[in-house]
Amino acid sequence: MTKKKNILITGGAGFIGSHVVRLFINEYPEYKIVNFDALTYAGNLENLTDVENAENYTFVKGDITSVKDVQRVFEDYNITDVVHLAAESHVDRSISDPSAFVKTNVNGTVNLLNAAVEHWKDAYDEHLFYHVSTDEVYGSLGETGLFTEETPYDPKSPYSASKAASDHFVRAYHNTYGLKTVISNCSNNYGPNQFPEKLIPLLINNIKNNKPLPVYGKGLNVRDWLYVKDHATAIRIVFENGKKGETYNIGGHNEWRNIDIVELVCDLTDAKLNREKGKSRELITYVKDRAGHDMRYAIDATKIERELGWKPSLRFEEGIEITIEWYLKNTRWLERVTSGDYLAYYEEQYSR
Ligand code: NAD
Ligand code: DAU
């Protein structure tokens, strides 16, 4: 018989977290899924309205940087496993406020690790601490090459430095205390429910509102895009079959220069809005480059494909269509998340 699990998913009200929470609720009816999220500007329970009444689901508002909140959720729900996604996740914000990233991404992760060590110390092997991380810890690539699990860490932004530090702490707790851990490092995600500070939803929102489309530098930086539901599936597979202490890279074999993505999103969105072809390309505006802008990310995902049998299910051409349609259809969601604080952030970020 499968042993009952009470799985703590941190950051489950965010972009990727909400897709992971939904997948786990549906895949594991016999397990309890506890979504622990502080509901920062990036957390939004509207992302989960379709599953909020599921019997095996509970939402707990709590902060991973609070020892008390973390202790309490471990005790109240007898947490057996952790899937840790909560983080400050936007590189531009990390450039204006690095300390917030140290607090959440480093101290918050260490708080969770401490709680796991304390609560699971009698039987580490029966519990899993799964840390969800990013390919940005490996730094920046030149024109060729791919990040493998053996690529040395070389983080270059305050965001990636804080994620790298959190990865190191997870490995240190595995090595020092014997905590059963796994880490996955994924490339850029896109899809429904992404906060529109990130490139693709920002473009769609601005096209819709006829606002300038800010392209950093020359638009030649390259990102490797993966549909968010394929990342969520990879997380489920690593959760189930990942080997203790191991790291898995996750990516879509799908590299795009930023300017090519911008033009593609313009053309596809114009078609859906019945606008004249080429209309939105007129909104493209080259702006000051991001400080320390990483040139290229690209993931070698052969380990997870070979060892765990994961592969992206969706072609980019399909994923990007679904994504644009989602933002155009979910106008209330988009309007709500782009009011209030977002306007102040946008003004500050793009008026420099
Ligand atoms: P997101 O910013 O959309 O969501 C982050 C969530 O964490 C939000 O719900 C927020 O409320 C919550 N949170 C923030 N601080 C918290 C705190 N102190 N306590 C509790 N909850 C808190 O992020 P995302 O893009 O969904 O990324 C999720 C994870 O995946 C992050 O760890 C990120 O580093 C990693 N990742 C993201 C990408 C990507 O392309 N977005 C790619 C690879 C890895
Ligand atoms: O690689 C994984 C990472 O991908 C995740 O760990 C991060 O959490 C996630 O935010 C993402 O980081 P990026 O910095 O690559 O994503 P972003 O959407 O901010 O930017 C994508 C590219 O587009 C990047 O080269 C910067 C550029 N850009 C971004 C914005 C917001 C622009 O040219 N204009 C913009 O307005």
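Ion pairing between E263 and R281 holds under the 4.0 Å rule for side-chain N and carboxylate O. Using a 4.0 Å cut-off between charged side-chain N and carboxylate O, E335 and R332 make no salt bridge. Between K272 and E321, at least one side-chain nitrogen of the basic residue sits less than 4.0 Å from a carboxylate oxygen of the acidic one, meeting the salt-bridge criterion. Looking at E118 and K121, no side-chain N of the basic residue comes within less than 4.0 Å of a carboxylate O on the acidic one, giving no salt bridge. Here K5 does not pair with E30 in a salt bridge; the nearest charged N to carboxylate O distance is not below 4.0 Å. A salt bridge does not link K277 to D270: none of the charged nitrogens lies less than 4.0 Å from a carboxylate oxygen. Salt bridge R236/E27: present, at least one basic N to carboxylate O contact under 4.0 Å. Ion pairing between a basic and an acidic side chain is recognised when a charged N comes within 4.0 Å of a carboxylate O; K311 and D230 show no such pairing. Salt bridge status for R290 with D92: present, with a side-chain N to carboxylate O gap under 4.0 Å.
With hydrogens and angles disregarded, no donor-acceptor distance shorter than 3.5 Å links the side chain of T104 to the backbone of E88. The backbone N or O of S187 sits less than 3.5 Å from a side-chain atom of N189, completing a donor-acceptor pair. At least one donor-acceptor pair under 3.5 Å links the side chain of E318 to the backbone N or O of R315. A donor-acceptor pair is defined here as one N or O able to donate and one able to accept, closer than 3.5 Å; such a pair exists between the side chain of N44 and the backbone of E46. No donor-acceptor distance shorter than 3.5 angstrom exists from the side chain of N188 to the backbone of D224, with no hydrogens or angles considered.
Heavy atoms from other residues, nucleotides or ligands lying under 6.0 Å from NZ of K229 number 12 at most. Other residues, nucleotides and ligands place no more than 12 heavy atoms under 6.0 Å from the CZ atom of F169. Environment of NZ in K103: sparse, with no more than 12 heavy atoms of neighbouring residues, nucleotides or ligands closer than 6.0 Å. For K303, the NZ atom counts as densely surrounded, since its 6.0 Å shell holds more than 12 non-hydrogen atoms of other residues, nucleotides or ligands. Heavy atoms from other residues, nucleotides or ligands lying under 6.0 Å from CD of E143 number 12 at most. Surrounding CD of E55 are at most 12 heavy atoms belonging to other residues, nucleotides or ligands under 6.0 Å away. The 12-atom threshold is exceeded at CG of D76, counting heavy atoms of other residues, nucleotides or ligands nearer than 6.0 Å.
In this structure the side chain of D167 reaches within 4.5 angstrom of the side chain of Y153, judged on heavy atoms. Residues N114 and V67 are not in side-chain contact: their nearest non-hydrogen atoms beyond the backbone lie 4.5 Å or more apart. Two residues are said to be in side-chain contact when any heavy atoms from C-beta on lie closer than 4.5 Å; H84 and V132 fail this criterion. Residues N185 and I183 meet the side-chain proximity criterion, which asks for heavy atoms closer than 4.5 Å. Using a 4.5 Å heavy-atom cutoff, the side chains of F36 and I9 are not in contact.
Criterion: ILVMFWY side-chain heavy atoms under 4.5 Å apart, direct or through other members. Under it, L199 and L283 are part of a common hydrophobic cluster. Hydrophobic clustering of Ile, Leu, Val, Met, Phe, Trp and Tyr side chains at less than 4.5 Å, counting indirect connections, keeps L202 apart from V91.
Neither side chain, W256 nor N258, offers a donor N or O lying under 3.5 Å from an acceptor on the other. Neither side chain, Y327 nor N330, offers a donor N or O lying under 3.5 Å from an acceptor on the other. Using a 3.5 Å distance cut-off with no hydrogens or angles, the side chains of T181 and H131 do not pair a donor with an acceptor. Using modelled atom types, one finds a donor on one side chain and an acceptor on the other under 3.5 Å when comparing E240 with Y28. Y345 and H90 are linked by a side-chain donor-acceptor pair at a separation below 3.5 angstrom, with hydrogens and angles left out of the test. Looking only at atom types and distance, the side chain of Y346 has a donor-acceptor partner in the side chain of N206 under 3.5 Å away. Between the side chains of K32 and T58, a donor-acceptor pair is found at a separation under 3.5 Å. No side-chain donor from either of Y130 and D81 sits under 3.5 Å from a side-chain acceptor of the other. Y297 and N221 share no side-chain donor-acceptor pair at under 3.5 Å.
Interatomic distance, OG of S66 versus CG of N111, reported as 7.5 Å (0.5 Å rounding). The CZ atom of F24 sits 10.0 Å away from atom OH of Y31, with the distance rounded to the nearest 0.5 Å. Rounded to the nearest 0.5 Å, atoms NZ (K244) and CD (E246) are 11.0 Å apart.
Cation-pi contact between R93 and Y159: absent, since separation from the ring centre below 6.0 Å together with deviation from the ring axis within 45° is not met. Cation-pi check for R336 over Y342 is not met; the charged atom does not lie both under 6.0 angstrom from the ring centroid and within 45 degrees of its normal.
When all heavy atoms of P312 and E305 are compared, the pair lying nearest together is CD-OE2, 4.3 Å.
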Please step through salt bridge (charged side-chain N to carboxylate O under 4.0 Å, His left out) for the pair D37 and K61, ending with a clear verdict.
-> CA-CA 5 Å; D37 196 297; K61 186 167 188 291; over 6 Å; no

Chi angles and distances behind the salt bridge (charged side-chain N to carboxylate O under 4.0 Å, His left out) call for R72, D69 | CA-CA 5 Å; R72 185 174 299 152; D69 286 2; 5.1 Å; no

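Ring-centre distance between Y286 and Y216: not below the 6.0 Å cut-off.
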